[in-house]
Amino acid sequence: MSKSSLAYWQEKAEKLTIEGRAYINGGYQDAAAGQTFDCISPIDGRHLVKVSACESADADNAVVAARQAFEQGKWRGLAPAKRKLVLQNFADLVEQHGEELALLETLDMGKPISDSVHVDIQGALRSLRWTAEAIDKIYDEIAPSADDELGMVTHEPVGVVAAIVPWNFPLVMACWKLAPALATGNSVILKPSEKSPLTAIKLAALATEAGIPDGVFNVLPGFGHTIGKALALHNDVDTLVFTGSTAVAKQLFVYAGQSNMKRVWTEAGGKSPNIVFADAPDLDKAAQAAAAAICFNQGEVCTAGSRLLVESSIKEEFVGKVAKAMKHWQPGNPLDPETNVGAIVDQSQQSRVLGFIEQAKSQGGSLKQGGNSVSPVENGFYIEPTMFDNIANHMDIAQQEIFGPVLSVISFDTMEEAIAIANDSEYGLAAGIWTSNLSKAHRVAKALRAGSVWVNQWDGGDMTAPFGGFKQSGNGRDKSLHAFSKYTEVKATWIKF
Ligand code: NAD
C-alpha cells in the first residue's frame with residue numbers, strides 16, 4: 001500500500017500500540033496516585049489511550065532521579081564529544097521511528113500527516129542533529145589578566161531542567177528545549193501538553209535506547225496545570241524553560257519567585273504583522289505566502305501571520321488574490337496525505353476560535369472568506385480558513401492571539417503608519433515585510449519590535465539563527481548557539497600563581 005494513501009495511514013493507525021504512562025528514571029510507570037486522563041483524537045473524537053495524570057509526588061520522584069543522575073555525573077561527566085555521539089544515536093532512532101512518531105502527532109493533535117512527516121519529524125531531527133554536532137565545538141574563555149594570575153570563564157550545566165511545552169508542534173518544541181539542555185549535560189524533565197502528550201512519551205524510551213542514562217531524561221504528562229505548577233514551584237528544579245501562552249508564562253515567573261528563584265525562560269504568544277507594500281516584488285507570491293501564513297497548521301502557530309497589513313492603494317486587488325490563494329487550503333481528513341488543513345486540537349479550542357469569528361462580525365469586520373465549522377470527518381473539530389477585511393487594529397480580533405485559521409486585514413497609507421500599527425501589540429514575536437525597495441526593507445525591519453523579521457518571505461530561518469520574542473512574546477531564545485546560554489551557568493575562577 002502506498003504511503004501517499006489514506007488507507008495506508010488508517011491501517012497503520014488501527015495497528016498502533018500507544019503508550020500513555022509517565023517515564024521516570026529509565027522506565028515507564030503509572031502516576032503515583034494511579035490517576036489517568038483520556039487522550040481524545042480531534043480527528044474524529046476517538047479515544048486513543050489513557051494517559052498518566054502526574055501530580056506533585058511524581059514531580060518529586062522525577063526530580064530526585066534527575067538530581068541523582070546529575071550528581072553522579074553519569075551524563076554531565078562525559079566529554080562533549082561522547083554526549084554528541086549519544087545524541088546522534090538518539091536522532092537516528094527518532095528517524096527510524098519517524099512514521100510512528102508522525103502518526104502519533106497527527107492522531108493526537110490533528111495536524112495533516114504530510115506535515116507531521118515532512119515538517120515536524122524533520123524539524124525535530126534537524127534540532128537534535130544540529131545541536132549535537134555543535135556541542136564539541138564550543139570553547140570557554142580566559143579573562144585578560146595580570147601575569148601572576150589566571151582568570152577562567154567556564155560554562156557549567158545548570159542541573160535539573162524542567163521543560164514545559166505546548167500542543168501545536170509537540171515534538172519540535174520539545175526538541176528545541178531538550179537538545180541543548182541534554183547537550184550541555186543537564187538532567188531534563190519534559191512536561192508535554194495534556195492535549196498532545198504522546199510523542200513526548202514515546203521519545204523517552206528512544207532516549208534510553210540511544211544510551212542516555214537513567215534519570216537524565218524523564219517525561220511527566222498531566223492534566224491541566226497540576227504537574228506544570230508542581231515543577232515550577234519545585235525547590236530542586238534549577239531552570240524552567242517554557243513554550244506556551246503569555247498568561248501561563250507570566251505565572252511561571254511568580255512560581256519561581258515563590259520558590260527557589262529558578263531561572264525561567266519563556267517563548268510565548270504572538271500576533272504577527274505581515275506588511276505588504278504596493279511595491280512588493282510579486283503580489284501573487286506575497287498573497288500565497290499570506291494565505292499559507294494563516295492556514296498552515298490550522299493557524300495554530302505562534303508565528304501565524306494573523307494581521308495582514310496592506311497598503312491602501314493595492315488593498316482590493318491584494319485581498320482578492322489572498323482569497324483565491326486561501327481556497328487552496330481546505331480542511332480534510334488529517335490522515336489523508338493530500339490534506340493541508342487538519343483538525344483544530346480540541347473542542348474547546350474550536351469553540352474559542354468560532355467565538356472570535358462571531359465577535360469580529362459583531363464588531364463590524366467584513367467576512368470575506370470562511371467563518372464556519374465544517375465536518376470532513378464525523379465527530380472531529382474543523383474550521384474553514386477565514387478572512388476578515390476592514391479590521392481596525394484596536395479590535396479584539398487584531399489584538400488577541402486566536403490560535404486558529406483567522407486572518408485580519410488592516411490597511412495603511414504610509415510606511416510610518418504601517419510600523420506604528422505593526423508595533424501596536426503586546427506581542428513581538430515575528431513580522432513580515434514585502435517590498436522591492438531595499439532601504440525601505442531595512443528601515444522597517446529595524447523599526448519593528450519583533451524577534452524575527454522576514455523580508456519577501458514568511459517563516460524564514462533554520463537552526464542557525466535564534467528564535468524568540470520581544471515584549472510579551474517571551475524572554476528566551478531557542479535554536480542556534482544562543483540557546484545554550486539558557487542551560488548553563490557562567491563561572492569565573494581566579495588562580496593566583
Ligand atoms: P498554554 O500556555 O496553555 O500551555 C503550555 C504548557 O503549559 C502546557 O504544557 C500546559 O499544560 C502548561 N501549563 C498550563 N498552565 C500551567 C501552569 N499554571 N503552570 C505550569 N504549566 C502550565 O499554551 P498552549 O495552549 O499549549 O499553546 C499555545 C500557546 O503557545 C500560544 O500562545 C502560542 O503562541 C504559544 N507558542 C509559542 C511559541 C514560541 O516559540 N514563542 C511556539 C509555539 C507555541
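As the structure is a prediction and not an experimental result, all values here were calculated from the model. Counting convention: from 1, in listed order, for ligands and their atoms alike. These numbers come from the heavy atoms of this one structure, side chains and all, not from hydrogens, waters or symmetry mates.
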J.: For atom 21 (N) of ligand 1, grab the closest protein heavy atom and report residue, atom and distance to one decimal in Å.
T.: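 Answer, as residue, atom name and distance: Gly228 CA, 3.6 Å.
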J.: Looking only at distances, please establish whether an N/O atom of ligand 1 is found under 3.5 Å from an N/O atom of Lys191.
T.: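 Lys191 vs ligand 1: N/O contact under 3.5 Å present.
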J.: Between His225, Met173, Gln349, flag the one that comes closest to atom 15 (N) of ligand 1 by a heavy atom.
T.: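 Among His225, Met173, Gln349, the closest heavy atom to atom 15 (N) of ligand 1 belongs to His225.
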J.: Distance to 0.1 Å, residue and atom name: give those for the protein heavy atom nearest to atom 23 (O) of ligand 1.
T.: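 The closest heavy atom on the protein side is Ser245 N, 3.4 Å.
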J.: Give a yes/no on ligand 1: does Tyr255 have at least one heavy atom closer than 4.0 angstrom to it?
T.: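 It does, in that a heavy atom of Tyr255 comes within the 4.0 Å cut-off of ligand 1.
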J.: Could you tell me if any non-hydrogen atom of Leu231 lies under 4.0 Å from any atom of ligand 1?
T.: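 No, Leu231 has no heavy atom closer than 4.0 Å to ligand 1.
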J.: Within the 3.5 Å criterion, strictly below it, is a donor on Asp60 or His234 matched to an acceptor on the partner's side chain?
T.: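 The criterion, which ignores hydrogens and geometry beyond distance, is satisfied for His234 and Asp60.
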J.: When you measure from atom 25 (O) of ligand 1 to every protein heavy atom, which one gives the shortest distance, and what is it?
T.: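 Among all protein heavy atoms, the one nearest atom 25 (O) of ligand 1 is Trp167 NE1, 2.8 Å.
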J.: Going by atom types only, do Lys250 and Gln472 share a side-chain donor-acceptor pair under 3.5 Å?
T.: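 There is such a pair (donor and acceptor under 3.5 Å, judged by atom type) between the side chains of Lys250 and Gln472.
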J.: What I want to know is whether Asp478 and ligand 1 share at least one N or O pair that is separated by under 3.5 angstrom.
T.: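 Asp478 vs ligand 1: no N/O contact under 3.5 Å.
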J.: If you measure from each heavy atom of Ala249 to ligand 1, is any distance below 4.0 Å?
T.: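 Not so, Ala249 does not reach ligand 1.
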J.: Are side-chain N/O atoms of Asp108 and Trp167 paired as donor and acceptor at under 3.5 Å?
T.: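 There is no such pair between these side chains.
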J.: Students should be able to answer this: which protein heavy-atom is nearest to atom 13 (N) of ligand 1, and at what distance?
T.: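 Answer, as residue, atom name and distance: Val248 CG1, 3.9 Å.
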J.: Evaluate Gln251 for polar contact with ligand 1, using N/O atom pairs at a separation under 3.5 Å.
T.: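 No, Gln251 has no N/O under 3.5 Å of an N/O on ligand 1.
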J.: Salt bridge or not between Glu489 and Arg263? Use side-chain N to carboxylate O under 4.0 Å.
T.: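 Result for this pair is yes, salt bridge flagged.
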J.: Is there any N or O on Ala268 that sits under 3.5 Å from an N or O of ligand 1?
T.: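 Ala268 vs ligand 1: N/O contact under 3.5 Å present.
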J.: Where is the nearest protein heavy atom to atom 28 (C) of ligand 1: which residue, which atom, and how far?
T.: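 Answer, as residue, atom name and distance: Phe403 CE2, 3.5 Å.
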J.: Under 4.0 Å from atom 30 (O) of ligand 1, do we find at least one protein heavy atom?
T.: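 So far as the 4.0 Å threshold goes, atom 30 (O) of ligand 1 is in reach of a protein heavy atom.
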J.: Closer than 4.0 angstrom, basic N to acidic O: yes or no for Lys486 and Glu267?
T.: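 Glu267 and Lys486: salt-bridged.
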J.: For ligand 1, is there an N or O atom under 3.5 Å from any N or O atom of Glu194?
T.: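 So ligand 1 has an N or O lying under 3.5 Å from an N or O of Glu194.
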J.: Would you check the N or O atoms of Glu401, main chain and side chain alike, for any that come under 3.5 Å of an N or O of ligand 1?
T.: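 Such a contact does occur with ligand 1.
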J.: Is Gly222 in contact with ligand 1, taking contact as a heavy-atom separation below 4.0 Å?
T.: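 Contact absent.
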J.: Do Glu426 and Gln399 get their side chains close enough for a donor-acceptor pair, meaning under 3.5 Å?
T.: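 Side-chain D/A pair, Glu426 to Gln399: absent.
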J.: Return yes or no for this condition: an N or O of Ile164 is under 3.5 Å from an N or O of ligand 1.
T.: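 No, no N or O pair falls under 3.5 Å.
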J.: Under a 3.5 Å threshold, yes or no: a donor from one side chain and an acceptor from the other, between Ser52 and Asp30?
T.: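 Looking only at side-chain atoms, Asp30 and Ser52 do not form any donor-acceptor pair under 3.5 Å.
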